[in-house]
Amino acid sequence: RFGAKRILLGGLCLGGLAFTLLGVHLTYPILVACMALAGLANSVYHPADYALLAAGIGDKQMGRAFSIHTFAGFLGGAMAPGFFLLVVSKLGLEAAFYAAGLIAFIAAALIAVIPTPATGAKVSAAKASGPGSLTSVLTPAILSMTLFFILLSLSGAALGTFSVVALMSAYNVDFAMANWALTGYLALGAVGVLAGGLLADRTRKHAQVAAVCFGANAVLVALIALIQMPALLIVAVLSLAGFLGGIIAPSRDMLVRKAAPPGAAGRAFGIVSTGFNIGGIIGPMLYGFIMDANAPRWVFGVAVVFLLAALLLALWTDRRSA
């Protein structure tokens, strides 16, 4: 309704303001309020950025565009802890919040000056038969993709968040090796995203690509759940699982784009991205319950169930979209 660029700029500025306010006056009530503002700002990023990509990138380069975009997110996530810890150690906690706010404002300034394709109501009206609404994109395919994103988030929480504590509890892997396994999973996931972008541009069978990777990942994670392996082999298996998981990401985004009605990429990505947030709420409680029940192997066992469910859902969604 307002154009993706304006919404993205608003979100970046609101996020920058939230972190800047934390630097000005850091108390617990202010922390809660500012995190709510930051969460509100964060909610617009994926609908807006994917709408801009969908409007401005040709079909033949879309997979690589999605992969580079996602890889940049992996890279920023990897750089952030070290960068902000360095700022805190040299300049203090308030300076770190100021730096976070400044980064958001710099990103907003870049978005403001760089030409971007037109999106929003005019484009939607030109491509669709009538004015767009949220309910108009609540198709079975989009709703199933939302569930698909929930399953991705739930399986990712097992491997990306709870793998270290589960490996240490179930297999007596020491803390350093368990962290190497997590590092391998995350690092090769970023590499896999770039490889997945090249693959996504060379095929139209994105659901089949995702299904093959999900199936292979389910086998790898099942091996960790069922077999007592040496620590180095666990590191190798989790790293390969991360690579396969990264390959899925561009094909996943192409599936959403295919399922979206004409001119409704922003609304479609906004709805399905909510699945990540829902999974992010459920996952920690689920795996925390499993760990409290002293069943760490089931962290990986439950992840296998979610991976297989995502495999089946990807194939079903592709048929619905077609």
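Since this is a predicted model, take the numbers as computed values, not measurements.
- Within the 3.5 Å criterion, the main-chain N or O of A141 finds a donor-acceptor partner in the side chain of S144.
- Between the S89 side chain and the L86 main chain, a donor and an acceptor come within less than 3.5 Å of each other.
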Practice prompt. Evaluate the criterion side chain to side chain contact (heavy atoms under 4.5 Å, CB included) for residue pair Q228 and R297; output intermediate values, then yes/no.
Written response: CA-CA 10 Å; Q228 186 76 31; R297 288 179 182 266; 2.8 Å; yes
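- Here OG of S239 is found 11.0 Å from CG of L244. Values are rounded to the nearest 0.5 Å.
- To the nearest 0.5 Å, atom CD1 of residue I282 and atom CG of residue N277 are 11.0 Å apart.
- When ring centroids are compared, Y50 and F66 come within the 6.0 Å threshold.
- In this view, V191 and F243 satisfy the side-chain contact (heavy atoms from CB on, under 4.5 Å) rule, not counting sequence neighbours.
- Counting only distance, with no hydrogens or angles, the side chain of S273 and the backbone of H46 share no donor-acceptor pair below 3.5 Å.
- Interatomic distance, L22 CG to I30 CD1, rounded to the nearest 0.5 Å: 8.0 Å.
- Of all heavy-atom pairs between A231 and V173, the closest is CB-CG1, 4.4 Å.
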Worksheet item: Stepwise, does the side chain to side chain contact (heavy atoms under 4.5 Å, CB included) test hold for I224 with Y171?
Response: CA-CA 10 Å; I224 297 175; Y171 308 98; 3.9 Å; yes
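- In plain terms, the two heavy atoms of G15 and Y45 that are nearest each other are CA-OH, 4.4 Å.
- Looking at every heavy atom in both residues, A207 comes nearest to L255 through N-CD2, 3.8 Å.
- Using a 4.5 Å cut-off between side-chain heavy atoms of Ile, Leu, Val, Met, Phe, Trp and Tyr, with links allowed through other members, I234 and L307 fall into the same hydrophobic cluster.
- Interatomic distance, L53 CG to H69 NE2, rounded to the nearest 0.5 Å: 5.5 Å.
- Taken from OG in S163 to OH in Y185, the straight-line distance is 8.0 Å, to the nearest 0.5 Å.
- Here the side chain of H206 pairs a donor or acceptor atom with the backbone of A200 at under 3.5 angstrom.
- I142 and V272 make their closest contact through O-CG1, 3.7 Å (heavy atoms, listed as atom of the first residue, atom of the second, distance).
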Worksheet item: Please walk me through it: do F97 and T20 pass side chain to side chain contact (heavy atoms under 4.5 Å, CB included)?
Response: CA-CA 6 Å; F97 286 122; T20 302; over 6 Å; no
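- Side-chain rings of F148 and F214 approach one another, their centers coming within less than 6.0 Å.
- Panel note: side chain R64, backbone L198; no donor-acceptor pair is recorded below 3.5 Å.
- How far CD1 of I150 is from OG1 of T274: 9.0 Å, rounded to the nearest 0.5 Å.
- Closest approach of S251 and V209 over heavy atoms only: OG-CG1, 3.6 Å.
- For the residue pair V299 and Y287, the shortest heavy atom distance occurs at O-CE2, 3.7 Å.
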